[in-house]
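Just below is one structure, and these are the notes that go with it.
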Amino acid sequence: MRRTLALTALIALAFAAAPAAAAKRAKTPRLKAFRSCAGLISYARRHAPPVLAPRQVPGTAPVPVPGGGEDDSSSSTTNVQEAGVDEPDIVKSKDGTVFAVVDDALRSIDARSPVPRVRDVVHLPGYGGELLIAGNRALVVSSGNSGDTVLTELNIADPEHLRIVRTLSIDGLYVSARLHGRTARVVISSYPRALRVPVVDLPRPAPIPIDERADAGKPLRARRAGWVPSATLHNRRTGRTRKRALVACDDVRRTPRFTGADMLTVLTIDLAKGLPAVDSDAVMTSADTVYASPTSLYVATSGGWQRSDTAIHRFDLAGADRTDYRASGQVPGDLLNQFSMSEYNGVLRVATTDSSGARSQSLVTALAPRSGRLAKIGQVGGLGEGERIYAVRFIEDRGYVVTFRQIDPLFTLDLADPAHPRVRGELKIAGYSAYLHPVGPHRVLGVGQDATPQGRQAGTQLSLFDVADPAAPKLLSKVKLGHFTSSQAEYDHHAFLWWEPLRLAVIPVSGEEGTTEAAAFDVDHGKITPAGSSHENGFVLRTLIVAGRLLTLSDHALSVYDPATLRPGPVARF
């Protein structure tokens with residue numbers, strides 16, 4: 001009896017200590033690497049959730065379960081978040097040649113000749129696509145036809161004769177990529193094939209547990225190929241194809257609490273050498289948002305060690321031929337996009353909206369590497385209670401956060417002391433900004449939506465803010481483009497062009513009729529002045545400056561305009 005009571009007490013003590021131990025682990029998330037494939041598979045099989053699938057109907061096809069540029073001073077580059085860190089986009093320019101991915105093909109266009117002309121066209125495997133260029137090599141990332149990702153390496157040394165060198169088909173979904181010098185890092189999120197089961201539509205679905213299926217052993221098969229994503233390399237010159245694991249099992253780490261059998265993989269690709277990757281690292285978790293500074297790559301995952309949190313993993317980029325996992329941490333709430341993260345002087349600032357309480361609020365948290373974890377060293381909350389973040393921009397030791405429900409509060413933050421971040425000022429105007437861009441010392445241009453007093457969107461607007469005094473931000477100028485207008489620049493910063501020599505901002509604008517034009521604005525002397533718009537028959541996708549000329553890329557042509565007057569010039573049609 002005494003032994004039973006003692007055992008009961010020990011069990012009770014263990015259960016009482018469990019939440020404290022779990023909380024401690026959550027605060028100190030050190031990711032452990034698997035020692036072998038057997039260890040990885042055993043861990044995943046123990047934690048994998050039950051899989052349900054309808055009975056297979058004979059004769060039906062199974063459906064898988066879904067789980068920069070020109071260095072010429074007279075030419076623009078891709079609009080990126082961090083200087084020196086190029087981002088993939090559908091268009092790049094190099095030495096007067098524009099390389100554009102449109103209609104699943106890469107086109108090289110001579111943009112310096114009096115009349116632009118298409119020099120060559122190469123049709124790409126997969127569909128869609130984003131482009132990175134380093135030296136005479138281009139890397140296009142496309143979506144495959146079966147839910148995979150296709151990396152295409154091209155030789156662009158001769159724009160008259162573009163040539164596909166190699167392709168790498170990856171068992172996983174593309175998240176994002178960054179380019180540091182000649183080194184590209186590509187982030188892939190994959191779902192293990194071991195857990196994929198056939199699914200078909202039935203008039204009256206009859207799910208049954210996977211264990212009752214005749215092939216119950218297959219979905220949880222104990223082969224590495226079922227749990228680690230694979231990649232197939234095809235060499236166009238030799239015609240050879242080889243398939244191998246995308247990452248070694250002992251290069252995979254796991255989170256303190258099981259957050260799913262998905263796998264986040266970072267591929268390091270030296271474009272001077274080409275495909276395949278020279279290094280790969282992985283974490284057993286999903287991947288949602290990617291941000292990179294000149295020295296670090298951060299990948300965020302919604303639903304951290306606590307479900308309402310966001311987990312963030314830091315990778316070190318010190319080596320040109322490798323990427324090394326360094327630390328993990330978590331912040332409360334959800335991120336808006338990549339601009340929600342910014343590294344400055346070794347400290348990561350993260351803006352999130354936390355909706356777990358009675359009223360949502362937004363916060364900015366400062367994280368710093370500490371013994372294998374990203375530790376919270378400072379935080380300021382209470383931004384826009386009952387609202388959510390619509391735009392974020394960190395500029396050195398300042399932060400700018402826009403929240404919205406009915407009006408647009410622009411918060412200015414002092415982040416000079418990351419241990420004690422603080423809100424310095426707040427400005428309320430109608431509508432909101434969805435993208436913020438610095439346009440000179442203490443000036444920020446916002447692209448977003450006008451709104452009614454009830455908070456209903458009322459068309460695209462541009463707002464110019466004076467933030468010289470962070471305690472008293474001011475609205476200097478505003479331009480409304482009319483009801484039923486919208487701009488791709490509101491959600492894709494690559495569609496925004498800022499040309500400093502002319503103080504010119506250009507964005508694509510879609511109207512009620514469904515057409516898209518490029519609208520230009522002079523931003524000078526504290527005022528936004530409409531400078532004209534393009535005349536297109538299609539949808540403007542991007543605008544760029546090459547050899548001093550304004551170019552618009554649409555779905556069917558590259559058109560030339562005078563940036564000072566927006567007078568139309570010649571057109572290269574696809």
Is the cationic atom of Arg107 (NZ for Lys, CZ for Arg) positioned less than 6.0 Å from the six-membered ring centroid of Phe574 and within 45 degrees of its normal? yes

Looking only at non-hydrogen atoms, find the nearest pair between Val380 and Pro421 and report the distance. CB-O, 3.6 Å

To the nearest 0.5 Å, what is the distance between CG on Asp450 and OG on Ser463? 8.5 Å

Does any part of the side chain of Leu139, heavy atoms only, come nearer than 4.5 Å to the side chain of Val186, both counted from C-beta? yes

Does any non-hydrogen side-chain atom of Ser142 lie less than 4.5 Å from one of Asp104? no

Donor-acceptor contact below 3.5 Å, side chain Gln449 vs main chain Thr485: yes

Using distance alone, with no hydrogens and no angle criterion, decide if Thr295 and Glu343 have a side-chain donor and acceptor under 3.5 Å apart. yes

Determine, stepwise, if the pair Ser362 / Thr353 fulfils side-chain hydrogen bond (donor to acceptor under 3.5 Å, both in side chains). CA-CA 4 Å; Ser362 295; Thr353 297; 3.0 Å; yes

Nearest-0.5 Å distance that lies between atom CD1 in Ile156 and atom CZ in Arg119: 11.0 Å

Lys480 atom NZ: more than 12 heavy-atom contacts under 6.0 Å: no

Using 0.5 Å steps for rounding, measure from the CG atom of Leu335 to the OH atom of Tyr298. 13.0 Å

Under the ring-ring contact (aromatic ring centres under 6.0 Å, His included) test, residues paired with Phe339 that sit two or more places apart: Tyr435, His493

So how far is it from Ser190 OG to Leu246 CG, rounded to the nearest 0.5 Å? 7.0 Å

A side-chain contact here means heavy atoms from C-beta on lying under 4.5 Å apart; do Glu490 and Thr460 qualify? yes

When you check the side-chain N and O atoms of Ser108 and Thr97, is any donor under 3.5 Å from an acceptor? no

Just so I know, are the side chains of Leu179 and Leu271 near enough to count as touching, which here means a heavy-atom distance under 4.5 Å? yes

Backbone N/O of Pro508 and side chain of Ser487: donor-acceptor pair under 3.5 Å: yes

Which heavy atom in Pro88 sits nearest to a heavy atom in Glu130, and how many Å separate them? CG-OE1, 3.4 Å

So how far is it from Leu131 CG to Lys92 NZ, rounded to the nearest 0.5 Å? 6.5 Å

Point-to-point distance, once rounded to the nearest 0.5 Å, from CG of Leu151 to OH of Tyr174: 9.0 Å

Answer yes or no: does atom CZ of Arg573 have more than 12 heavy-atom neighbours from other residues, nucleotides or ligands under 6.0 Å? no

For Arg182, is there an ion pair with Asp270 - N to carboxylate O distance below 4.0 angstrom? yes

In plain terms, say whether Asp466 and Lys474 are close enough for a salt bridge, that is, a side-chain N and a carboxylate O under 4.0 Å apart. no

Donor-acceptor pair, distance only, cut-off 3.5 Å: does the side chain of Ser75 make one with the backbone of Ala547? yes

Minimum side-chain heavy-atom gap Val523-Leu462 below 4.5 Å: no

Evaluate the side-chain contact (heavy atoms from CB on, under 4.5 Å) criterion for residues Leu497 and Leu550: first the C-alpha distance (whole Å), next the side-chain angles of each, then the deciding distance (0.1 Å), finally the verdict. CA-CA 10 Å; Leu497 171 65; Leu550 175 64; 3.8 Å; yes

Answer whether the closest heavy-atom distance between the side chains of Phe539 and Ser554 falls below 4.5 Å. no

Should Arg393 and Ser342 count as side-chain neighbours, where that means a heavy-atom distance under 4.5 Å? no

